[in-house]
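Structure incoming, see below.
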Amino acid sequence: MNVELILQDPLSVPSPLLVLLFPQGADAASGVLASADALVGGELKRALERGDLKGKKEETLLLFPRRDQGPSLLAEAKGPGRPSGGKGSIRPSKAKGPRSVDGDVGPERVLMVGAGAPGDLDAETLRRLMGRAVRVAEGLKLKEISAWLDPSWPPGEALVAQGMTEGAVLAAWRFQEFKTSRDDDGPSPELGRLVLVSQGDGEAARLGLRIGLAQARGENLARTLQARPGNVATPTHLADEARRLAKEHGLKVTVLGPKEMEKEKMGALLAVARGSEEEPKLIALEYRGGRKGDRPIGLVGKGLTFDTGGISIKPASGMEDMKYDMSGGAAVLGVMQAAAELALPVNLVGIIPSTENLLSGKAVKPGDVVRTREGKTVEVINTDAEGRLILADALSFARTFDPVALVDCATLTGAALVALGNHASAVLGNDEELIRQLRDAGDRSGQRCWPLPLWREYRDQLDSNVADLMNVGGRHAGAITAAAFLKEFVGEVPWAHLDIAGTAYGEGKLSYQRKGGYGVPTRLLLEWVRSRLT
Ligand code: BES
Ligand code: ZN
Ligand code: ZN
């Protein structure tokens, strides 16, 4: 989807549908709302009086301009408060004479979207409201919509534009690669354009739009990769996608195959890959937007393209969802794309260890001992705890880039889902300030994360009697012992781990989501990276 900003009276912009967000208690007798009311022949005021529109979050009401009315509508339209080319409103060149009445300018439909209490109007609410508007537009099979952006809404003009853009672009994303026939009754796939209409000076809105568009596109890339099935989105496919990004955006890409992994002594990653015919890949993407000597930020994403559990096999029911076990890697690719698109002044390195976790005569077995790149030995108690094995070698490898900070994201444990449900990722690490930054970025992005402790006692649960550590720590505190395992491989680097097992995919409850992958934590990581620039 494309998003543009124009500075104009929203009711003079030709559009199949104009979205007007309507905070509770907003004054429909003045400004844009009064103009809209005049356009629809007083239906807005009547709807408010009848209680058909209360301003509740995501409530919608579709209104139609009264094109059949002549001069009386015009008289009404000139009533008090109508923005008639006064301060801040730029007259459209096309709009001469009565707008919309002729049918050649102005919106064909007006969609009121309740926005809740004005005090609650934050970026996440704006995403959900625009998501709802896009769902209505889809139902009408529209190809484009416009939306009024009021620069005076509480988050401020830039964040309003960013939130609205993200909500719409995320909501409009669809995955149709494997649909051979389009259902005629289904929603149109081609909502391709959003025009934000503001009457501010536009500068802040333009910036917010640009950020929102890049962040949502990055997230949509992650969602597309998540949606692709395991037989398509193989480790080789992820490496090809990384190469494509590198070519398109001038990034440096390095892909290690099994031979290079042997040379790097990545015994843990190779142990997981043994059970599969698919070649494992370790992808390193470098974006250098910062100064030459500046140490990069390291992002590591679990790219397990299908997790059967291995010899410690998972139950059949729901196993298809284990194609999403590469969600962390997908998000890292989304972040790299958006960072390059925004030309962020920062150096980034994205590392994605990618393999399948399958069973075969060669597969790693419970009780096997493997040697990691760090030299530490691991007793594999459960082959389904494979994420931490591949991340161990990836984190160790990431340190060769001398990162200022390392953040990994991984669908690592069912225990994270048990602890926090679908509402937050778990965040753990060795640096309180880094964890605080990630929590803030999570709040701003609508992709929340919540801390769990990482005390020494949890590490003790991993003690092995044959190797340096075991890959599982017993039934208790599963999300924490997984992080305690990873901590063994980050050395002194400030590091945090996001367990996204509960947040990476789901039923698509929010208006801007769909059933399947959510692209989490693409926006969280981008907000965090950007927060370090100022
Ligand atoms: N990929 C899974 C974690 C997962 C579970 C992701 C549910 C999404 C939803 C991971 O590799 C795994 O299987 N973890 C095990 C660890 C256990 C064996 C210690 C788990 O959580 O059950
Ligand atoms: Zn597993
Ligand atoms: Zn897994």
Side-chain angles (χ1 to χ4, degrees), residues 226 230 233 235 238 268-269 271-276 278 280 300-331 352-359 363-368 378-394 408-426 428 452 458-459 461-462 464 469-486 497-507 515-521:
Q226 285 182 292
L238 292 186
L269 172 52
V272 176
R274 277 182 70 84
S276 167
E278 285 290 338
V300 179
K302 175 177 175 182
L304 210 295
T305 58
F306 196 81
D307 185 8
T308 65
I311 300 292
S312 316
I313 195 166
K314 287 180 182 296
S317 166
M319 202 202 272
E320 65 280 5
D321 281 350
M322 282 301 123
K323 73 172 183 177
Y324 297 122
D325 215 15
M326 38 59 79
S327 298
I352 301 158
S354 185
T355 176
E356 293 183 330
N357 185 23
L358 261 58
L359 335 71
V364 66
K365 305 176 294 300
D368 286 0
V378 178
E379 183 185 7
V380 178
I381 300 295
N382 189 318
T383 65
D384 198 11
E386 84 299 335
R388 62 199 76 183
L389 293 173
I390 70 170
L391 286 168
D393 283 343
D408 78 75
C409 52
T411 45
L412 205 62
T413 67
L417 173 62
V418 172
L420 296 169
N422 305 119
H423 307 293
S425 308
L428 307 95
L452 294 175
Y458 294 110
R459 164 62 184 86
Q461 288 180 230
L462 299 171
S464 160
L469 63 166
M470 302 189 293
N471 78 331
V472 296
R475 260 169 39 81
H476 297 162
I480 302 178
T481 52
F485 183 94
L486 299 181
H497 156 67
L498 293 163
D499 194 329
I500 56 170
T503 49
Y505 61 95
E507 292 302 309
K515 181 178 161 64
Y518 292 163
V520 169

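Note that ligands are numbered from 1 as they come in the structure, with each ligand's atoms numbered from 1 the same way. FYI, side chains are in, hydrogens and waters are out, and symmetry mates aren't considered; it's all heavy atoms of this structure.
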Discussion item. List the protein residues in contact with ligand 1, where contact means a heavy-atom separation under 4.0 angstrom.
Written reply: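 These residues qualify: Lys302, Asp307, Lys314, Met322, Asp325, Asn382, Asp384, Glu386, Arg388, Thr411, Leu412, Thr413, Gly414, Val472, Ala501, Tyr505.
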Worksheet item: Strictly under 6.0 Å, is that where the ring centroids of Tyr505 and Tyr324 end up?
Response: yes
Practice prompt. Evaluate the criterion side-chain contact (heavy atoms from CB on, under 4.5 Å) for residue pair Val272 and Val364; output intermediate values, then yes/no.
Written response: CA-CA 6 Å; Val272 176; Val364 66; 5.5 Å; no
Worksheet item: Listed by chain and number, what are the side-chain hydrogen bond (donor to acceptor under 3.5 Å, both in side chains) partners of Thr481, not counting sequence neighbours?
Response: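 With sequence neighbours excluded, Thr481 shows a side-chain hydrogen bond (donor to acceptor under 3.5 Å, both in side chains) to no residue whatsoever.
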Item to complete: May I have all residue pairs that pass side-chain hydrogen bond (donor to acceptor under 3.5 Å, both in side chains) and include part of residues 410-426, sequence neighbours excluded?
Response: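 For residues 410-426: Asp325-Thr411, Thr413-Asp499, Ser425-Thr503.
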Practice prompt. Pull up every protein N/O/S atom sitting under 2.8 Å from the Zn ion (ligand 3), skipping waters.
Written response: Lys302 NZ, Asp307 OD2, Asp325 OD2, Glu386 OE2
Item to complete: Rounded to the nearest 0.5 Å, what's the gap from SG on Cys409 to NZ on Lys302? Could you check?
Response: 11.0 Å
Fill in: Within-4.5 Å side-chain heavy-atom neighbours: Pro353 and Asp393
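No, side chains not in contact.
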Item to complete: Look only at the side chain of Glu278 and the backbone of Glu356, and say whether a donor-acceptor pair between them is shorter than 3.5 Å.
Response: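 Answer holds: no.
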Discussion item. I want to check something: taking the side chain as every heavy atom from C-beta on, are Thr355 and Leu304 in contact at a cut-off of under 4.5 Å?
Written reply: yes
Practice prompt. Decide if atom NZ of Lys365 counts as having more than 12 heavy atoms of other residues, nucleotides or ligands within a radius under 6.0 Å.
Written response: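 Not buried by this count: 12 neighbours or fewer within 6.0 Å.
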